[in-house]
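One structure is given below, encoded as structure tokens.
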Amino acid sequence: MKKHFMMMAAYNKWANQTLYDGAGVLTDEEFVRDTGAFFASMEGTLNHILIADLLWLHRFTGTGELPDSLEAVLYDDFDELRDAREGLDERIIEWVGGLSDADLMGRFTYVTATDLKTVSQRLAPAMANLFNHQTHHRGQAHMILSVLGETPPSLDLIYFQRTPGGHEFA
């Protein structure tokens, strides 16, 4: 099970780098343009993915920044947002690498962000949600690039597995 989550953490880093490379061609105006996506713009969508990851890592580890809103814009500068994303992706990889199979089967408890309920659940399914959530919103960012007239990058897991860094997971 740990190898699966190591793959997902590595894929997450690769997919984010690939997506940010694609989004890096946007003008400042395009970056903030409301395209009708759930979080309106590329800026809103990429910030939301970062916020959710920060929130889940705080729940998992009890450390790190804890944003107070799922809709906040932590970074309105693309380069600063990208730097924060890269640092968080490294943190995710390091944290997953330090987990044991016993950790993955264990439970953790947290308070939800939206309705302040206390939840206790197993770690592995919550980690699956972390990676699924990222993929879901990267799909929205992919759509935003299309709406803005850019050719979005291919983000499928199989493409990652065909890269030199992804071969070990194929």
Check whether any side-chain N or O of [X] sits under 3.5 Å from a backbone N or O of [Y] as a donor-acceptor pair, and report yes or no.
| X | Y | answer |
| --- | --- | --- |
| Thr118 | Val111 | no |
| Asp77 | Glu80 | yes |
| Asp34 | Gly36 | yes |
| Asn47 | Glu43 | yes |

Side chains of [X] and [Y]: closer than 4.5 Å at any heavy-atom pair?
| X | Y | value |
| --- | --- | --- |
| Met127 | Val96 | yes |
| Leu19 | Leu145 | yes |
| Leu54 | Leu74 | yes |
| Gln134 | Ile92 | yes |
| Arg91 | Glu86 | no |
| Glu65 | Leu55 | no |
| Gln17 | Asp89 | no |
| Trp95 | Thr61 | yes |

task = Could you walk me through whether Asn12 and Arg138 pass the side chain to side chain donor-acceptor pair (under 3.5 Å) test, one step at a time?
result = CA-CA 10 Å; Asn12 172 64; Arg138 276 193 300 261; 2.9 Å; yes
Electrostatic pair Asp21-Arg82, nearest N-O below 4.0 angstrom = yes
task = Considering only NZ, NE, NH1 and NH2 on the basic side and carboxylate oxygens on the acidic side, decide whether Asp103 and Lys2 come within less than 4.0 Å.
result = no
Decide if atom [atom1] of [X] counts as having more than 12 heavy atoms of other residues, nucleotides or ligands within a radius under 6.0 Å.
| X | atom1 | value |
| --- | --- | --- |
| Glu94 | CD | no |
| Asp101 | CG | yes |
| Asp28 | CG | no |

Between [X] and [Y], does the ring centroid distance fall short of 6.0 Å?
| X | Y | answer |
| --- | --- | --- |
| Tyr110 | Trp56 | yes |
| His137 | His142 | no |
| Tyr20 | Phe78 | yes |

Trace of the side chain to side chain contact (heavy atoms under 4.5 Å, CB included) decision for Glu90 with Lys13 = CA-CA 8 Å; Glu90 289 300 327; Lys13 176 182 176 180; 2.4 Å; yes
Out of curiosity, [X] [atom1] to [Y] [atom2], how far, rounded to the nearest 0.5 Å?
| X | Y | atom1 | atom2 | result |
| --- | --- | --- | --- | --- |
| Leu123 | Leu99 | CG | CG | 6.0 Å |
| Arg33 | Ser41 | CZ | OG | 11.0 Å |
| Arg162 | Ser154 | CZ | OG | 10.0 Å |
| Leu130 | Arg59 | CG | CZ | 10.5 Å |
| Met8 | Phe169 | CE | CZ | 10.5 Å |
| Glu71 | His48 | CD | NE2 | 8.0 Å |

task = Might you work through the side chain to side chain contact (heavy atoms under 4.5 Å, CB included) test for Met42 and Glu30, ending with a clear yes or no?
result = CA-CA 8 Å; Met42 183 65 77; Glu30 290 171 326; over 6 Å; no
inquiry  = Let's go through Met1 and Met6 carefully: what are the C-alpha distance in whole Å and the side-chain angles of both, what is the deciding distance for side chain to side chain contact (heavy atoms under 4.5 Å, CB included) to 0.1 Å, and is it a yes or a no?
reply    = CA-CA 9 Å; Met1 184 182 306; Met6 290 296 297; over 6 Å; no
Do the side chains of [X] and [Y] join up, straight or via other hydrophobic residues, at under 4.5 Å, putting them in one cluster?
| X | Y | answer |
| --- | --- | --- |
| Phe131 | Ile93 | no |
| Leu148 | Val32 | yes |
| Leu88 | Leu66 | yes |
| Phe108 | Phe5 | yes |
| Ile144 | Val25 | no |

Parallel, tilted or perpendicular: rings of Phe160 and Trp14 (30°, 60°) =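 Trp14 vs Phe160 ring planes: tilted.
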inquiry  = I'd like to know whether Leu57 forms a side chain to side chain contact (heavy atoms under 4.5 Å, CB included) with Thr63, so could you lay out the CA-CA distance, the side-chain angles of the two residues, the decisive distance to 0.1 Å, and finally the verdict.
reply    = CA-CA 7 Å; Leu57 273 181; Thr63 63; over 6 Å; no
message = Between Asn132 and Thr135, does the side chain to side chain donor-acceptor pair (under 3.5 Å) criterion hold? Intermediate values first, please.
response = CA-CA 5 Å; Asn132 184 65; Thr135 299; 5.7 Å; no
ask   = Looking only at heavy atoms, what is the nearest atom pair of Glu168 and Lys3, with distance?
value =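 What the structure gives for the nearest pair is O-NZ, 3.4 Å.
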ask   = Which heavy-atom pair separates His58 from Gly64 by the least distance, and what is that distance?
value =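 In terms of heavy atoms, the two residues are closest at CD2-O, 3.2 Å.
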inquiry  = Quick check on side chain to side chain contact (heavy atoms under 4.5 Å, CB included): which of Tyr75, Phe31, Phe39 does Leu46 satisfy it with?
reply    = Phe31
